[in-house]
Amino acid sequence: MKRFAVFTVAVLSAMLLASCYVMTTRPTGTIQLNLGTASSRAIDGATADRARIYLYSWLSSTVYSLYPFAAGAEYYEAAYPGTATLSNIPAGWWKVLVSVGTDQADGSFSTDSYGASEVLHVAVGANTSTSINTTPSPFIDMVDVFGKNINSVICSPNNAGFLAASDSNNLYYIDYTDFDPLSGTLTGPLVDILGRVPVPSGYQVNSVGSSPDGYSVLVNTDNGIVTYDGKSFDTGFSKNLIVGGSPVNVLQSAGMVVTSPANRYTLLYTSGRGFGGLSASSWPPASTDWVSIDLSGTTAGPPVYQASMVTTGQGYGYIFLATRLGAFWTIPDLVDSQVTGHGDFGAMAHAFSSPDGATIQAIAVDPGGSVLYVGTPHGAYWTPITMAPRTPPSVSFGSWTKLDAASGDYIIEIQTFGEYVAFRSLYNLYVLDTVSHESVSYPFYAGLPGRLGSMSWTEPTNYGLFIGGSSGIVLLTDPYLPLGPQ
């Protein structure tokens, strides 16, 4: 069975947000907004009664420059249905974005429907009127984690696996056997539904990943990696992961299994200084001989944006890395302490470039190992690849294809599974059907959960995409995925 894993480091969001607000002292006008009629869709028994209104300066369909309302808030909230008056708006070209839904008791917002105006010209001293029709949100809220600041979400690549998520102090966990991804409902008795499991004291959680065998959670913390098997934590798993006399602050991790030239379980991690991992003949490993690769002297900030690991049909493993130094492919031998030359990044990593010449900051390989997807500050692309059985290892690249829907957008994460590929930017989500090459896109105001943390596909028969963010987790599934051949 081909196995793959993709993980990403969210190092871009804070930097981008600081430059995505319009600050101006231009002469002003007014926008009069008709918010339409009441929605027929109810959320947990409550009919949508609030509207969050955003304004952005029209730069393009994908690049948002949001207007800061009072006290720097990025939205203006009004009663729904009804009208809203937006006063003292700087003269110029604007677009109005609306999320309709309900305020939750914990301060989060559940989106019922969403819509946008045409591009409006606000003239000095004038009143510009517009109406907005809304479309039902495609996202299902995971009500048990409403308002939680979710920094990561991962689905195990096994049928009998798990859904896990994290905030800075907690793990949220559920077995797949208790979850119906099509309805977003749970059938098994769990504490807090998506069960909250406090992480042992002394650990601050950065993210979660899946172990190479797919049956335990890798809890990535500021004090190494803690594993969780659904019953208990193992805080001693990474006790030997020490760099410079201190435990490694692990940002992300993931695992895979290779069967050629021998059975090896490989774990890869990223940190603020670089990346590393271990390789073992069994899992859990009998011993943890970690390999760490320090790239901190060559870059400012965490060196690795995203990594993707895949096992070929012949059982060989390959690793693809998007870093501040460029994009590279390599093999698991790089982090296998039993292999001569392990840890030699310069000798074992092979560079390649994006089709637009820009930095590759998101990367993923399809589960079959035949297509490579990349994201840059200018959009998303894919190319067929061929990974040769060793020896020697090699990767050949075909012609690149551009995802037109994401043209010009700043792509920062890609997740693949089966027929679908998800691309995330700071404000938009794109999903591509790899068979039909049809795609759909959803903006942030369609119901995405605040500032996005990460996303993960469900496994294996009922496709669905879990998306974590600063206000919880949502699920995207049929009928809101792109249609394949009919």
Side-chain angles (χ1 to χ4, degrees), residues 5-16 18-19 151-152 203-207 209 218 220-225 238-255 266-279 288-309 317-354 357-364 374-377 393 395 410-413 454:
V6 184
F7 55 102
T8 182
V9 181
V11 297
L12 300 170
S13 297
M15 174 186 70
L16 291 174
S19 61
N151 55 31
S152 181
Y203 297 89
Q204 181 166 324
V205 182
N206 296 317
S207 66
L218 303 174
N220 308 305
T221 79
D222 61 348
N223 195 18
I225 300 173
S238 66
K239 63 182 179 182
N240 298 327
L241 183 52
I242 305 293
V243 175
S246 301
V248 172
N249 182 11
V250 176
L251 301 179
Q252 298 282 336
S253 69
T266 298
L267 183 153
L268 189 74
Y269 76 83
T270 69
S271 72
R273 299 182 62 87
F275 70 98
L278 61 81
S279 190
T288 51
D289 299 319
W290 295 93
V291 175
S292 296
I293 299 168
D294 191 345
L295 302 177
S296 61
T298 59
T299 67
V304 180
Y305 293 121
Q306 188 171 13
S308 180
M309 301 189 293
Y318 280 83
I319 299 170
F320 292 80
L321 297 162
T323 80
R324 293 180 185 271
L325 297 174
F328 303 88
W329 67 263
T330 185
I331 56 177
D333 290 1
L334 182 62
V335 294
D336 190 339
S337 63
Q338 303 301 308
V339 175
T340 301
H342 67 266
D344 191 343
F345 183 73
M348 298 181 70
H350 306 268
F352 61 93
S353 301
S354 68
T359 299
I360 294 176
Q361 54 200 22
I363 196 165
V374 302
T376 79
V395 177
Y410 203 106
I411 304 299
I412 57 178
E413 182 186 2
S454 70

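Every heavy atom of this structure was used, including side-chain atoms; hydrogens, water molecules and symmetry mates were not.
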For Ser308 and Ile363 the tightest heavy-atom approach is CB-O, 4.0 Å
State, to 0.1 Å, how close His342 and Val339 come at their nearest heavy-atom pair, and which atoms those are. ND1-O, 2.9 Å
Between Asn223, Asn206, Asp222, which is the residue that forms a side chain to side chain donor-acceptor pair (under 3.5 Å) with Asn249? Asn206
Examine distances only and state if a side-chain atom of Ser353 and a backbone atom of Gly357 form a donor-acceptor pair shorter than 3.5 Å. no
Taking atom CG of Asn220 and atom OG of Ser152, what is their separation to the nearest 0.5 Å? 7.5 Å
Start with the C-alpha gap between Val335 and Thr266, add the side-chain angles, then the distance that decides, and say whether side chain to side chain contact (heavy atoms under 4.5 Å, CB included) holds. CA-CA 8 Å; Val335 294; Thr266 298; 3.9 Å; yes
Write down the atom of Ile225, the atom of Ser238, and the distance for their closest heavy-atom approach. N-OG, 2.8 Å
Are any non-hydrogen side-chain atoms of Val250 and Ser271 less than 4.5 angstrom apart? no
Nearest non-hydrogen partners of Leu251 and Pro302, listed with the distance: CD1-CB, 3.9 Å
Does any N or O in the side chain of Asp333 come within less than 3.5 Å of the main-chain N or O of Asp336, such that one atom is a donor and the other an acceptor? no
Less than 4.5 Å apart, side chain to side chain, heavy atoms only: is that true for Trp290 and Val243? no
The test is side chain to side chain contact (heavy atoms under 4.5 Å, CB included); show your working for Tyr305 and Arg324 and say whether it passes. CA-CA 7 Å; Tyr305 293 121; Arg324 293 180 185 271; 3.5 Å; yes
Any heavy-atom pair between the side chains of Phe345 and Leu295 that's under 4.5 Å? yes
Is there a side-chain contact between Phe275 and Leu321 (heavy atoms, below 4.5 Å)? yes
If we ignore hydrogens and angles and just use 3.5 Å, is the side chain of Gln361 paired with the main-chain N or O of Gly375 as donor and acceptor? no
Side-chain heavy atoms of Ile360 within contact of Gln306, under 4.5 Å: no
Between Phe328 and Thr323, is the side chain to side chain contact (heavy atoms under 4.5 Å, CB included) condition met? List the steps. CA-CA 8 Å; Phe328 303 88; Thr323 80; 3.6 Å; yes
For Ile293 and Gly343 the tightest heavy-atom approach is CG1-O, 3.9 Å
Decide yes or no for Tyr318 and Met309: does some side-chain heavy atom of the first lie under 4.5 Å from some side-chain heavy atom of the second? no
Is any side-chain heavy atom of Ser207 closer than 4.5 Å to a side-chain heavy atom of Leu218? no
When every non-hydrogen atom of Pro377 is compared with those of Thr359, the smallest separation belongs to CD-O, 3.3 Å
Given Leu241 and Ser292, is the side chain to side chain contact (heavy atoms under 4.5 Å, CB included) satisfied, shown in steps? CA-CA 8 Å; Leu241 183 52; Ser292 296; 3.8 Å; yes
Calculate, to the nearest 0.5 Å, the distance between atoms CG and CE belonging to Leu334 and Met348 respectively. 5.0 Å
Would you say Phe352 and Val395 make side-chain contact, with heavy atoms under 4.5 Å? no
